[in-house]
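Here's the structure, in structure tokens; my notes come after.
The analysis underlying the following values was restricted to heavy atoms, covering all of them including side chains, and did not include hydrogens, waters or symmetry mates. All of these numbers come straight from a predicted model, not from anything done at the bench.
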Amino acid sequence: MATADRVRWAASHSWLILAICVFFVAHSNQDQWDFRVFHSAAQALNSGASPYYAAHPNPLMPSGLSYLYPPVALYAFQPLSGLSFDVARLVWLAMKVLALFVLIRLWHRNFEPLDAYWFVFLTMAYNSTLLRDLVAGNISLFEQLGMWFGFYLLLKRRPLLAGVVIAAVAQFKLIPVLFLGTLLFIRPTRSWAPFGVALVAFGAIFSLNFLLTPGSMTEYIHSFATANPNLDERGVVNPSSLALIRDLADIAVKRGLPVDRTITNAIYAAYIALVGLIFVWIPRKSLVELADKDPRLAIYYFCVLYALIVPRMKDYSYILLLMPSLYVVREVSRGTLKPRLMVPLVGVLMLVQTNTSIVPVLKSALPLISGYMPWIATWFVLYYLAFVCRPRPSAAVAEHAGPEVFAP
């Protein structure tokens, strides 16, 4: 089969996978459960009820789920709250498909060139993180589009506007505000001024919660002090560092060790401090040089670090790592990185057994490994970015692109 034919074959099958996923989501009453929460929460706010989790959740909210974002964020969902859920979810799905298309164009033109072969990678990587977001109906695709637009502005040497964009996007899940730290490493200013302005912008926007919805804001803050099962998801649906530490703590408790929540949180805090020391503070001068030579690589580096330290990293949040991981995989495939470095990874993957292993230790460990495989893979990506990959010239990305498959 000729190269052009293989590209067309890969492209058609990649888009087919996406089209099938969208078709089933559109025709399923069980999918888009996160959007059901957003839709119900906006209706609850309109009716004067609380959208937040309590001992007896509001009857408008889906059973077992709760609204976790600040109250002002509900205004983003209000335009759809007047529609029936069946109509609103189709509009929401169409908006997400459009956002995905724009995000892919943004990636292709400014970060990693994408052809049909690599679109297969985007579709399947990290346990199909892209498809998981479409099925769940979360805001992750919109969030990622906003974050990567902010990164694009950094590449275009517009740090102040980039910081404001990131500050605005972070109003939903809050923790992405950590990406304002990239303003301290990437030129042209690389000073505290854009960082400070962006931080003030974040605080100013967030303060609207107290000004516009003081009652709901009190309930929002109180919701973090209640026993909310949505904030303690673990494994496949939330392969994060804190979730793994909590799972390991539960195993320790079952073995009779006195590990309570305070000790678990202390271990997590120590883990963050250690990662920050080793991968940010000690190599800070090298990171500045890296950002000068190839700002994209510096952005990838911070994306990976973010995924490894945040307390909550949902399965659909791993969209953030598609470009960093694609960069590493592509460099390996080109022979830029030494193939022998892949041998340990390949060996591990070959030796991993199923959850029904009869080996005593593996019998209990493999479900844990399986659930946190995206988190484990992220450490491999960090290894390559931190110790193996070298900056490439900041030439136009498009000149390295393969056959175009994303043109409208």
Side-chain angles (χ1 to χ4, degrees), residues 18 21-46 49-54 57-100 103 126-147 169-176 216 219-220 223-224 228-240 243 307 310-320 374:
L18 178 60
C21 177
V22 171
F23 174 83
F24 278 104
V25 171
H27 289 79
S28 172
N29 293 324
Q30 304 300 319
D31 294 335
Q32 298 198 80
W33 49 84
D34 280 354
F35 176 68
R36 188 181 294 273
V37 170
F38 307 149
H39 188 262
S40 299
Q43 290 182 330
L45 186 65
N46 293 339
S50 172
Y52 293 103
Y53 179 88
N58 188 283
L60 288 173
M61 301 295 290
S63 176
L65 297 175
S66 59
Y67 179 72
L68 301 175
Y69 305 154
V72 164
L74 281 173
Y75 289 111
F77 307 112
Q78 275 198 324
L80 296 178
S81 65
L83 303 174
S84 67
F85 176 73
D86 288 336
V87 174
R89 69 182 182 87
L90 294 178
V91 175
W92 182 256
L93 180 60
M95 291 169 58
K96 294 195 67 171
V97 172
L98 177 61
L100 174 59
L103 179 60
Y126 289 103
N127 206 11
S128 299
T129 180
L130 271 176
L131 302 183
R132 283 178 176 269
D133 183 62
L134 290 174
V135 173
N138 195 261
I139 65 166
S140 190
L141 268 173
F142 298 115
E143 178 189 47
Q144 293 300 319
L145 178 57
M147 294 301 302
V169 174
Q171 295 301 315
F172 290 85
K173 300 182 180 179
L174 302 183
I175 298 179
S216 295
E219 294 172 348
Y220 169 69
S223 68
F224 290 97
N228 189 339
N230 297 144
L231 293 176
D232 194 24
E233 295 172 311
R234 306 181 193 177
V236 175
V237 297
N238 180 35
S240 68
V310 293
R312 185 175 172 86
M313 191 70 185
K314 293 282 289 184
D315 48 4
Y316 42 69
S317 298
Y318 277 83
I319 297 173
L320 177 70

Aromatic ring pairing F77/Y67, orientation class (parallel under 30°, perpendicular over 60°, tilted between): perpendicular
Worked verdict on Q171 versus V72 for side chain to side chain contact (heavy atoms under 4.5 Å, CB included): CA-CA 9 Å; Q171 295 301 315; V72 164; over 6 Å; no
Test side chain to side chain contact (heavy atoms under 4.5 Å, CB included) applied to Y126 and D315, step by step: CA-CA 8 Å; Y126 289 103; D315 48 4; over 6 Å; no
Qualifying salt bridge (Lys or Arg N to Asp or Glu O under 4.0 Å) pairs, either residue in residues 65-84, two or more places apart: none
Within the structure provided, determine whether [X] and [Y] are in side-chain contact (heavy-atom separation under 4.5 Å).
X: L68; Y: R312; value: yes
X: E233; Y: K314; value: yes
X: L100; Y: V97; value: no
X: P51; Y: L74; value: yes
X: K173; Y: N138; value: yes

For residues [X] and [Y], report the shortest heavy-atom separation together with the two atoms involved.
X: L80; Y: A88; value: O-CB, 3.7 Å
X: Y75; Y: Q78; value: CD2-OE1, 3.2 Å
X: V236; Y: P239; value: O-CD, 3.5 Å
X: S140; Y: S317; value: OG-CA, 4.0 Å
X: L174; Y: P70; value: CD2-CG, 4.1 Å
X: S216; Y: Y52; value: O-CE1, 3.5 Å

For the [atom1] atom of [X] and the [atom2] atom of [Y], what is their distance to the nearest 0.5 Å?
X: I139; Y: Y69; atom1: CD1; atom2: OH; answer: 4.0 Å
X: Y318; Y: S128; atom1: OH; atom2: OG; answer: 14.5 Å
X: F142; Y: L103; atom1: CZ; atom2: CG; answer: 11.0 Å
X: L141; Y: Q144; atom1: CG; atom2: CD; answer: 8.0 Å
X: L98; Y: L93; atom1: CG; atom2: CG; answer: 11.5 Å

Polar side-chain atom of K96 near backbone of D133 as donor-acceptor pair, under 3.5 Å: yes
Backbone N/O of M313 and side chain of N238: donor-acceptor pair under 3.5 Å: yes
Test ring-ring contact (aromatic ring centres under 6.0 Å, His included) applied to F35 - qualifying residues, sequence neighbours left out: H39, F85, W92
All side-chain hydrogen bond (donor to acceptor under 3.5 Å, both in side chains) counterparts of S81, not counting sequence neighbours: N46
